[in-house]
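Data first, discussion second: the structure below is written as structure tokens.
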Amino acid sequence: MTLTFHPDGRILHNGVEVASEKMADQWRLTANTSITASSAYFITTNWERVDSDSFGQLGTGMTESSGVFTFPSTGIYLVQTTTNFRCSSASSGNFAYITVSNNGGSSFDDAALSLGRNSAANTYSTSTCSHVLDVTDTSQIKVMLKVYVTSSNTVAEGNTNRTMTGMTFIRLGDT
């Protein structure tokens with residue numbers, strides 16, 4: 001039995017695919033994003049693919065436009081987010097959502113939610129959640145990060161040199 005590995009991650013036997021494409025990708029905020037209190041906010045700017053500290057993208061990665069993430073192929077994906085919040089003025093309840101669109105990005109539904117709390121001014125909290133998503137149509141199924149905070153002067157932390165708020169995408173297998 002002769003197995004070969006295609007550059008896109010597929011495993012081939014005599015030229016025939018025997019294992020599905022593998023994919024792992026990670027994106028992060030490059031700068032702090034201010035969030036208006038008591039209003040749901042989609043993070044649409046300052047996204048970059050992680051590009052430091054020996055980052056290892058596997059396979060064809062995600063694409064991002066105005067905070068909307070598009071999958072490279074159909075399949076079952078693990079989607080995770082970690083959002084670091086900092087509030088400079090008071091205590092704050094902080095919420096991070098993985099939202100999913102089934103209609104090409106026209107509307108998004110909350111698929112996963114994580115909660116955090118800054119206990120006082122100038123404190124930090126981290127919210128992490130995940131969702132296993134069946135991507136049956138890459139033109140219709142999209143993902144965004146949404147946040148909500150209860151106090152003004154709260155930011156989702158970003159940095160171009162390390163991941164503070166980010167999204168991770170791992171293709172687990174075929175749909």
Side-chain angles (χ1 to χ4, degrees), residues 23-53 55 57-73 75-88 92-118 123-172:
M23 196 281 292
D25 199 4
Q26 192 170 40
W27 291 71
R28 65 180 169 208
L29 290 183
T30 60
N32 292 349
T33 300
S34 296
I35 307 163
T36 303
S38 302
S39 179
Y41 182 83
F42 286 95
I43 298 182
T44 60
T45 60
N46 298 320
W47 286 105
E48 75 170 356
R49 176 174 281 121
V50 173
D51 59 359
S52 60
D53 302 309
F55 169 68
Q57 178 183 336
L58 178 63
T60 304
M62 303 291 290
T63 55
E64 179 271 333
S65 177
S66 298
V68 177
F69 290 92
T70 299
F71 295 88
S73 62
I76 306 295
Y77 287 81
L78 174 62
V79 180
Q80 296 178 308
T81 185
T82 297
T83 308
N84 285 296
F85 294 97
R86 179 178 47 83
C87 183
S88 61
S92 180
N94 307 314
F95 306 82
Y97 301 82
I98 294 172
T99 63
V100 176
S101 174
N102 291 308
N103 55 17
S106 295
S107 62
F108 286 83
D109 295 318
D110 300 339
L113 164 66
S114 58
L115 311 170
R117 179 146 193 88
N118 292 79
T123 59
Y124 299 83
S125 71
T126 302
S127 295
T128 301
C129 61
S130 60
H131 182 66
V132 175
L133 181 61
D134 186 359
V135 178
T136 56
D137 184 337
T138 60
S139 68
Q140 296 300 309
I141 298 176
K142 312 287 183 184
V143 171
M144 288 188 83
L145 174 60
K146 180 175 80 173
V147 292
Y148 179 92
V149 298
T150 61
S151 181
S152 340
N153 302 314
T154 302
V155 298
E157 294 258 294
N159 190 306
T160 192
N161 296 314
R162 67 188 64 83
T163 304
M164 298 179 78
T165 296
M167 300 283 289
T168 301
F169 304 89
I170 300 171
R171 187 177 189 277
L172 301 172

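This one's a predicted model, so the numbers in the text were calculated from it and none came from an experiment.
- The closest donor-acceptor contact from the side chain of Arg28 to the backbone of Thr160 lies under 3.5 Å.
- The main-chain N or O of Asn32 is never found under 3.5 Å from a side-chain atom of Glu157 such that the two would form a donor-acceptor pair.
- Residue Ser92 comes nearest to Val149 through the heavy atom pair OG-CB, 3.9 Å, listed as atom of the first residue, atom of the second, then distance.
- No side-chain donor-acceptor contact under 3.5 Å links Thr81 to the backbone of Met167.
- In terms of heavy atoms, His131 sits closest to Ala112 at CB-CB, 4.2 Å.
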Exercise for the section: Output, in order, the C-alpha distance, side-chain angles, deciding distance and verdict of side-chain contact (heavy atoms from CB on, under 4.5 Å) for Ile98 and Cys129. Expected result: CA-CA 8 Å; Ile98 294 172; Cys129 61; 3.9 Å; yes
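- Considering CG of Asp25 and OG1 of Thr60, their distance stands at 10.0 Å, rounded to 0.5 Å.
- With hydrogens and angles ignored, the 3.5 Å screen pairs no side-chain donor or acceptor of Ser101 with any backbone N or O of Phe108.
- A donor-acceptor distance shorter than 3.5 angstrom exists from the side chain of Arg49 to the backbone of Met62, with no hydrogens or angles considered.
- A distance of 4.0 Å separates CG in Asn153 from OG in Ser88, rounded to the nearest 0.5 Å.
- In this structure, a donor-acceptor pair under 3.5 Å is absent between the side chains of Thr165 and Asn84.
- For the atom pair Asp134 CG and Tyr77 OH, the distance stands at 10.5 Å (nearest 0.5 Å).
- Taking CG from Asn103 and OG from Ser139, the interatomic distance works out to 10.5 Å, rounded to the nearest 0.5 Å.
- The nearest pair of heavy atoms linking Thr45 to Leu29 is O-CD2, 3.6 Å.
- For the pair Glu48 (side chain) and Val50 (backbone), a donor-acceptor distance under 3.5 Å is absent.
- With hydrogens and angles disregarded, a donor-acceptor distance shorter than 3.5 Å links the side chain of Asn118 to the backbone of Thr123.
- Only one option out of Phe95, Tyr41, Tyr97 pairs with Lys146 in a side chain to side chain contact (heavy atoms under 4.5 Å, CB included); it is Tyr97.
- Phe169 and Phe71 have perpendicular rings, their planes meeting at more than 60° on a 0 to 90° scale where under 30° would count as parallel.
- The shortest heavy-atom contact between Ser127 and Leu115 is OG-C, 3.5 Å.
- Side-chain atoms of Thr99 never come within 3.5 Å of backbone atoms of Asp109 as a donor-acceptor pair (strictly under, hydrogens ignored).
- Interatomic distance, CG of Asp137 versus NZ of Lys142, reported as 8.5 Å (0.5 Å rounding).
- Taking the six-membered ring where the residue is Trp, Phe69 and Trp47 present perpendicular rings, their angle passing 60° and hence far from 30°.
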Problem - Pair Ser73-Arg171, side-chain contact (heavy atoms from CB on, under 4.5 Å): steps then yes or no - result: CA-CA 9 Å; Ser73 62; Arg171 187 177 189 277; 3.5 Å; yes
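- Note: Leu78 CG to Met23 CE = 10.0 Å, rounded to the nearest 0.5 Å.
- A side chain to side chain contact (heavy atoms under 4.5 Å, CB included) with Asn94 holds for exactly one of Ser114, Ser125, Cys87, Ser151; it is Ser125.
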Exercise for the section: Before giving the answer on side-chain contact (heavy atoms from CB on, under 4.5 Å), spell out for Asn102 and Gln140 the whole-Å C-alpha distance, their side-chain angles and the decisive distance to 0.1 Å. Expected result: CA-CA 5 Å; Asn102 291 308; Gln140 296 300 309; 5.9 Å; no
